[in-house]
Engineer: 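One structure is given below, represented as structure tokens, and several questions about it will come after.
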There are 2 protein chains.
Amino acid sequence: MEHPAPATPELFSIAQLAEELGITHRAIRFYEAKGLIKPLRLGTTRVFGRRDRARLQLVLRGIRLGFTLAEVGEYLDLYDTDRTKRGQIRLLLDKVRERIAALEAQRADLEQALAELNDIAAQAQSALNQSALTQSNETAGTKRRAQ
Amino acid sequence: MEHPAPATPELFSIAQLAEELGITHRAIRFYEAKGLIKPLRLGTTRVFGRRDRARLQLVLRGIRLGFTLAEVGEYLDLYDTDRTKRGQIRLLLDKVRERIAALEAQRADLEQALAELNDIAAQAQSALNQSALTQSNETAGTKRRAQ
DNA sequence: GATTTGCTTGACCTTTACGTCAATCGATCG
DNA sequence: CGATCGATTGACGTAAAGGTCAAGCAAATC
């Protein structure tokens, strides 16, 4: 009993990870081929650690945000650039700021789309309320369904 | 002088629109083939009105947000559903709310990515400041480059 | 009237992001 | 020991989103 069952295990098979993340093993292998993850190997079999899992989650988030895998790769690079050499840090900082600017632009698009949809929803809702009123007027005197 | 030159014209050729929106005529034709826009025709030539232009801008925003053209099409449908029939409005409202939820999820992803990048930027910045201090200490007594 | 300019359709090509077998290989189960 | 299970590589297929010719037509220009 030295190690009680961990809430989240340290190692994963490709099947476990695929299941957990809702993707196929094919997708995972594809991401590996693209250099986005580098799982260890036990003989010929892939073995994923928590770090690999975290990376995969970053990959999936990037995809959800509409990035290509190449862009996701650049994004991941920002996480693992060497932070000891001044020159590297300068470059990193520039790239990170570019990315931030792009994401903020995307956020602006997103907010605008949301505002428009909320507008439509509000209009639709009030149209429904209106027609409900009209109907209840037209049927005035008729008993309303209880509850 | 009945009509002073309008700031933005009422009609556009495909070339004008492509130029203005930074896309190719091929892309525009492709979107039309997908049913996202329906420009008028003068004989065989496409003629775009302001409404077409606005739609195209919506299309492009959708693409920037990472949606497929099919999804963009559904999005556009939300804009033109008939708002006179109660049943339609109900359906519309449901769909709009779905879309809103999805966009809000995307915004959450976006905010998280932004937070992480800001974190990295802050760390990088402070690392730079640190190393600047160190250097200025090591070179104490040496004249600093003016300006 | 011949040519250039701008538009048209049609056909095929390309990249990205996987899906879908097929064949193989090693560990485990009966 | 044969079969099954989970993993592997490799090859081919596919949908989406255009790019890139090619050939034609029509109006303006030289």
Side-chain angles (χ1 to χ4, degrees), chain A residues 9-49 52-53 55-77 102 106 109 113, chain B residues 9-49 52-53 55-77 102 106 109 113:
Chain A
E10 281 202 45
L11 299 177
F12 310 82
S13 73
I14 193 172
Q16 286 170 344
L17 212 49
E19 154 86 337
E20 183 186 339
L21 301 180
I23 59 182
T24 66
H25 55 297
R26 176 64 172 104
I28 294 182
R29 280 179 36 219
F30 191 71
Y31 302 151
E32 184 185 5
K34 291 288 171 180
L36 302 179
I37 46 174
K38 289 170 196 63
L40 297 176
R41 298 285 180 139
L42 202 168
T44 173
T45 301
R46 274 168 266 255
V47 175
F48 298 81
D52 299 307
R53 177 160 144 277
R55 283 210 139 219
L56 255 176
Q57 285 168 333
L58 285 182
V59 169
L60 297 181
R61 191 181 68 192
I63 291 173
R64 286 196 304 271
L65 289 176
F67 300 152
T68 66
L69 295 187
E71 287 168 334
V72 170
E74 294 172 27
Y75 186 91
L76 290 179
D77 286 346
Q106 187 168 349
D109 276 335
Chain B
E10 282 202 43
L11 299 177
F12 310 83
S13 72
I14 193 172
Q16 286 170 344
L17 213 49
E19 154 86 338
E20 183 186 340
L21 301 181
I23 58 181
T24 67
H25 54 297
R26 175 63 171 106
I28 294 183
R29 282 178 35 220
F30 190 70
Y31 303 151
E32 183 185 5
K34 291 286 170 181
L36 302 179
I37 46 175
K38 290 170 196 62
L40 297 175
R41 297 284 181 140
L42 201 169
T44 173
T45 300
R46 274 169 266 254
V47 175
F48 298 81
D52 299 307
R53 177 160 144 279
R55 283 207 140 223
L56 254 176
Q57 285 169 334
L58 285 183
V59 170
L60 296 181
R61 191 182 67 193
I63 291 173
R64 285 196 304 270
L65 289 176
F67 300 153
T68 67
L69 295 186
E71 288 168 333
V72 169
E74 294 172 27
Y75 186 92
L76 290 178
D77 287 347
Q106 186 168 349
D109 275 336

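Only heavy atoms go into these numbers, but all of them, side chains included; no hydrogens, no water, no symmetry mates. Just so it is clear: chains get the letters A, B, ... in the order the sequence lines come, proteins before strands, and each one is counted from 1.
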Engineer: May I have all residue pairs that pass side-chain hydrogen bond (donor to acceptor under 3.5 Å, both in side chains) and include part of residues 12-21 of chain A, sequence neighbours excluded?
Structural biologist: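 Sorted pair list: A/E20-A/R53.
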Engineer: Check side-chain hydrogen bond (donor to acceptor under 3.5 Å, both in side chains) between A/Q106 and all other residues, then give those that pass, not counting sequence neighbours.
Structural biologist: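 Expected list: none.
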Engineer: Hey, mind stepping through B/L76 and B/V72 against side chain to side chain contact (heavy atoms under 4.5 Å, CB included) and telling me if it holds?
Structural biologist: CA-CA 6 Å; B/L76 290 178; B/V72 169; 4.3 Å; yes
Engineer: Please report, rounded to the nearest Å, how far the C1' atom of D/dG6 is from the CZ atom of A/F48.
Structural biologist: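 To the nearest whole Å, that distance equals 14 Å.
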Engineer: Whether A/S13 contacts D/dA7 is assessed here as follows: a side-chain N or O lying under 4.0 Å from the phosphate OP1 or OP2. Is that the case?
Structural biologist: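 For A/S13, the contact criterion (side-chain N or O under 4.0 Å from OP1 or OP2 of D/dA7) is met.
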Engineer: Produce the list of close N/O pairs, under 3.5 Å, pairing protein atoms with atoms of nucleotides 17-22 of chain D; give distances to one decimal.
Structural biologist:
unit_1 : atom_1 : unit_2 : atom_2 : d
D/dA17 : OP1    : B/L69  : N      : 2.7
D/dG18 : OP2    : B/Y31  : OH     : 2.9
D/dG19 : OP2    : B/T24  : OG1    : 2.6
D/dG19 : N7     : B/R26  : NE     : 3.2
D/dG19 : O6     : B/R26  : NH2    : 2.9
D/dT20 : O4     : B/R26  : NE     : 3.1

Engineer: List in chain and number order the residues that pass side chain to side chain contact (heavy atoms under 4.5 Å, CB included) with A/R46, two or more places apart in sequence or in another chain; answer none if no residue qualifies.
Structural biologist: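 A/R46 satisfies side chain to side chain contact (heavy atoms under 4.5 Å, CB included) with A/I14, A/R29, A/E32, A/P39, A/R41, A/F48 once adjacent residues are dropped.
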Engineer: Side-chain polar contacts of residues 58-66 of chain A - donor-acceptor pairs under 3.5 angstrom, sequence neighbours left out - could you list them?
Structural biologist:
unit_1 : atom_1 : unit_2 : atom_2 : d
A/R61  : NH1    : B/E116 : OE2    : 3.0
A/R61  : NH2    : A/Y75  : OH     : 2.9
A/R61  : NH2    : B/E116 : OE1    : 2.9
A/R64  : NE     : B/D109 : OD2    : 2.7
A/R64  : NH2    : B/D109 : OD1    : 3.0
A/R64  : NH2    : B/D109 : OD2    : 3.3

Engineer: How would you list, by chain and number, every residue that makes a side chain to side chain contact (heavy atoms under 4.5 Å, CB included) with B/K34, sequence neighbours excluded?
Structural biologist: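 Only B/F30, B/L36, B/L69 meet the side chain to side chain contact (heavy atoms under 4.5 Å, CB included) criterion with B/K34.
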Engineer: Can you name the side-chain hydrogen bond (donor to acceptor under 3.5 Å, both in side chains) partners of B/Q57, sequence neighbours left out?
Structural biologist: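 By the side-chain hydrogen bond (donor to acceptor under 3.5 Å, both in side chains) rule, B/Q57 matches no residue at all.
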Engineer: Can you pull the contact range of chain A along DNA chain C, 5' to 3', using atoms under 4.0 angstrom from its heavy atoms?
Structural biologist: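 Endpoints of the contacted stretch of DNA chain C: C/dA17 to C/dT20.
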Engineer: For A/L42 and D/dA7, give me the distance from atom CG to atom C1', rounded to whole Å.
Structural biologist: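 The answer, rounded to whole Å, is 12 Å.
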Engineer: Applying side chain to side chain contact (heavy atoms under 4.5 Å, CB included), name anything that partners A/T45, two or more places apart in sequence or on another chain.
Structural biologist: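 Result, side chain to side chain contact (heavy atoms under 4.5 Å, CB included) vs A/T45: none returned.
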